[in-house]
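Right, one structure below, let's go through it.
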Amino acid sequence: MSEKIWLSSPTMHGDELIFVQEAFDTNWVAPLGPNVNSFEEEIASYIGGGYAAALASGTSAIHLAVKLAGVKSSDIVFCSDLTFSATVNPVSYEKAVQVFIDSEYDTWNVDPKALEKAFEKYPNCKCVIIANLYGVPAKLDEISDICKKHNAVLIEDAAESLSATYKGKQTGTFGKYGILSFNGNKIITTSGGGMLLSDDKEAIEKSRFWATQSRDRAPWYQHSELGYNYRMSNVVAGIGRGQLLHIEKHRELKKSIYMNYKEAFEDLPITMNPYLPYSEPNFWLSCALLDKGYNIHPMDIIDELASHNIEARPIWKPMHMQPFFESNDFISANGNVSSDIFNRGLCLPSDIKMTKKAQDKVINIIKSMF
Ligand SMILES: *Cc1c(COP(=O)(O)O)cnc(C)c1O
């Protein structure tokens with residue numbers, strides 16, 4: 001069997017080990033430590049300012065953002081429908097209720113028209129969580145304006161979009177809170193980890209307090225608030241510091257993979273996941289959408305690639321189609337776009353260690369099916 005072609009696997013450079021070695025040499029093998037502080041500063045500076053709290057995962061970052069937004073039991077929170085469940089699960093941790101917002105076809109992200117419609121139905125909603133799917137920035141101006149108009153806190157889930165920009169500005173910076181993930185398959189990884197972003201220094205300090213078990217300033221272990229063990233470890237932060245040095249290269253390679261697919265599929269009934277002309281995705285995953293009415297199902301392509309030891313994946317199954325969320329409301333302005341994308345789309349191998357030859361192999365297998 002030929003060597004496996006991955007969807008998106010970690011790419012290490014060696015610099016990571018320098019920072020990890022430093023952690024070992026100084027015995028900072030603990031949550032917190034100099035790598036954590038530096039990684040927070042380096043990320044904040046990379047995205048263009050504000051403050052950052054390094055956490056155990058992107059999911060824990062969303063959880064703390066939801067708490068900071070003041071979401072309480074039985075509150076309504078508007079969420080991206082087409083996304084990974086981690087975007088929306090923390091709403092349930094706080095016993096609040098997700099209302100899922102349909103996608104649009106220009107970016108596959110939250111449709112501003114559906115969001116506006118949701119505010120007509122639930123005018124008291126005070127928090128909105130949107131994701132930039134597969135590294136493609138959403139219609140962030142329109143979404144921000146709607147949230148402002150209705151006095152709702154916007155949480156931008158930039159777990160998949162670190163290094164993508166919208167009108168020249170980094171994603172993760174458009175909401176009151178932004179979150180990043182450094183899980184194993186993301187554009188840069190720490191094996192596992194996340195970051196909470198905000199311009200609000202006090203909010204970030206509060207998140208660090210919650211993330212370290214909410215210890216009061218007292219000589220003994222005293223707690224006036226519920227705490228969490230959500231901090232990033234100093235060893236893991238070292239991996240992140242080394243990875244961040246290579247993020248531009250990662251994005252360039254991801255982009256060249258996307259462009260290769262786009263060119264190769266020009267004569268096929270396939271389009272690539274689209275983006276706005278004034279946004280620059282990070283091209284984290286290259287996704288294909290089969291033309292309407294075509295008789296090949298995405299699973300046929302995924303299975304065919306798998307038989308050649310090549311990993312491809314379905315599009316995230318929309319949240320309103322998940323058994324766990326079957327009683328939650330779903331708001332759409334224009335049919336059911338997220339289900340349509342799920343039914344016609346797939347994620348193609350987007351691993352930056354893929355050679356040109358390996359990518360041509362993927363392309364030729366797909367071409368041979370049409
Ligand atoms: C990966 C991901 C997360 C969660 O990040 P973890 O670090 O795995 O907890 C959240 N939202 C989206 C859209 C993701 O892809």
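Computed from a predicted model, the values in this text were never measured in an experiment. Indexing begins at 1, ligand by ligand and atom by atom, following the structure's order.
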Heavy-atom nearest neighbour in the protein, as seen from [atom], with distance rounded to 0.1 Å:
atom: atom 9 (O) of ligand 1; value: Thr59 OG1, 2.5 Å
atom: atom 8 (O) of ligand 1; value: Asn183 ND2, 2.8 Å
atom: atom 5 (O) of ligand 1; value: Ser181 OG, 3.2 Å
atom: atom 1 (C) of ligand 1; value: Lys186 NZ, 1.5 Å

If you measure from each non-hydrogen atom of Ala159 to ligand 1, which part falls under 4.0 Å: side chain, backbone, both or neither?
-> side chain

Using a plain distance cutoff, I'd like to know if [X] has any nitrogen or oxygen under 3.5 Å from a nitrogen or oxygen of ligand 1.
X: Gly58; answer: yes
X: Glu160; answer: yes
X: Trp316; answer: no

Nearest non-hydrogen partners of [X] and [Y], listed with the distance:
X: Tyr258; Y: Asn273; value: OH-O, 2.7 Å
X: Val71; Y: Ala96; value: CG1-CB, 3.4 Å
X: Val88; Y: Cys79; value: CG1-CB, 3.7 Å

Who's closest to atom 4 (C) of ligand 1 heavy-atom-wise, of Ala86, Ser60, Ala56?
->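 Looking at heavy atoms only, Ala86 sits closest to atom 4 (C) of ligand 1.
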
Selected option - heavy-atom contact closest to atom 12 (C) of ligand 1, from Asp157, Val88, Asn89 |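 Looking at heavy atoms only, Asp157 sits closest to atom 12 (C) of ligand 1.
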
To the nearest 0.5 Å, atom CG of Asp111 lies from atom CG of Asp106 at 9.0 Å

Can you measure from OG (Ser9) to CE (Met354) and round to the nearest 0.5 angstrom?
-> 9.5 Å

Ligand-residue contact atoms, ligand 1 with [X], heavy atoms, under 4.0 Å:
X: Gly193; value: 7 (O)
X: Thr87; value: 11 (N), 12 (C), 13 (C)
X: Thr83; value: 13 (C)

On the ring face of Tyr278, is Lys167 found with NZ or CZ under 6.0 Å from the centre and within 45° of the axis?
-> yes

Would [X] and [Y] count as a close aromatic pair, with their ring centres under 6.0 Å?
X: Tyr228; Y: Tyr93; value: no
X: Phe325; Y: Phe330; value: no
X: Phe100; Y: His320; value: no

What do you reckon, does Ser80 put a non-hydrogen atom under 4.0 Å from ligand 1?
-> no

